[in-house]
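Excluded from the calculations below are hydrogen atoms, water molecules and symmetry mates; all remaining heavy atoms, backbone and side chain alike, are included. First listed ligand is number 1; within each ligand, the first listed atom is number 1.
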Amino acid sequence: MSRLTRRHFLKTGMGMAATSLLTASQSPFAKGQSSGPAGMRVVASGNGIRATEKAMDLLRLGYDPLDAVIAGVTIVEEDPNETSVGYGGLPNEEGVVELDASVMHGPTHSSGAVAALRNIKTPSQVARLVMKRTDHCLLVGDGALKFALAHGFKEENLLTDKAREAWLRWKETLSDKDNWLPPKSEKLTSELKPYLSSYGTIACIALDDKGSLAGVTTTSGLSYKLPGRVGDSPIIGAGLYVDNEVGAAGSTGRGEANILNCGSYQVVAFMAQGFSPEEACLKTLERIARTTKLQPRLLNKEGRPDFELNFFALNKKGEFGSARMWSGGQYAVHDGKANNLRESAYLFKEIK
Ligand code: ASP
């Protein structure tokens, strides 16, 4: 997938229609986007290469695309070395891991989600049960935990030693005026540096050979967040959206910016207008960059968003793409033949 610079993006004229409102015939719910089954595809964030492999294996066996993507991301949720998702995820500011996840099933246009769920390794599976066994779309906190326990999930401590030590270092480096002293050796702090503050999530979307779409987004959210903070991942339309007539989109990165712009819904809406998945991701990022101008504290010196946000998209025709706010990231694609990491397009080039 070729990299698309902002300049190229604007030159192609795609930027021109960015602000136009949807007409009825362009509605993401309009029929007629499909040209029939396009072959199986699975698309995920860059940390999802094992998920795309697993989901494709299951699609080939005839599994529902939602079950396929959930089985894929479960591998990542259960991996203690992945510090942004499930077991091993970085905790909130009190050292407690709180997980968010959503699922959406295209053929039934239904969804389920959990937020601020503690002690359960696989929130995506709980989100699927919310969809299948309740009349609700989202359960949070204690209610989500009670629901999971009622369905036989086992409570476990999700805080691994690595995540606990990173959290401790984070606390110790917050201020030199409190009673938490940093360790004598700086070595530990530098080893844990990548974990001192971070985002991270897995989003995975799929198309089966009948033209059915589904998706999942699952995360431990923003590291060291305020307890109870809910990001975009469990919010349908922000961290995930699926319209079985059009396509699917998922997201990772700064959840607050995504919630404020209904990002994944917007990507699908742009695809419904005829934009390719990559164009739809870029146009959504452009909108987010524009609305972020109203929040100066989130801008860099050049007036651009000082955060990362990524979108992954797949349409009913089997076309896929991804874009991020800043250059330098990849996404995972299984196109039915090969499972690869590809370069994401981007809105702004990172100057190193
Ligand atoms: N979007 C997630 C959140 O804001 C975090 C991430 O994807 O990095 O909770």
Under the criterion ring-ring contact (aromatic ring centres under 6.0 Å, His included), I'd like the reasoning laid out for Tyr224 against Trp170: C-alpha separation, chi angles, the key distance, then a yes or no. CA-CA 8 Å; Tyr224 320 125; Trp170 171 80; 4.6 Å; yes

So which residues, sorted by chain and number, lie with a heavy atom under 4.0 Å of ligand 1?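 Around ligand 1, where the cutoff is 4.0 Å for heavy atoms, the contacting residues are Tyr199, Gly200, Thr201, Gly221, Leu222, Arg229, Gly231, Asp232, Ser233, Thr252, Gly253, Gly255.
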
Distance only, no hydrogens: is a donor on one side chain within 3.5 Å (strictly under) of an acceptor on the other, for Gln125 and Thr74?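 Side chains of Gln125 and Thr74: pair found under 3.5 Å.
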
Other residues, nucleotides, ligands: >12 heavy atoms within 6.0 Å of Phe307 CZ: yes

Above 12 or not: heavy atoms from other molecules or residues under 6.0 Å from CZ of Arg133?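 Open: at most 12 neighbouring heavy atoms sit under 6.0 Å from CZ of Arg133.
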
Please work out whether the ring planes of Phe312 and Tyr331 are parallel, tilted or perpendicular, with thresholds of 30° and 60°.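 Rings of Phe312 and Tyr331: tilted, as their planes differ by 30° to 60°.
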
Do the side chain of Ser45 and the main chain of Ala203 share a donor and acceptor less than 3.5 angstrom apart? yes

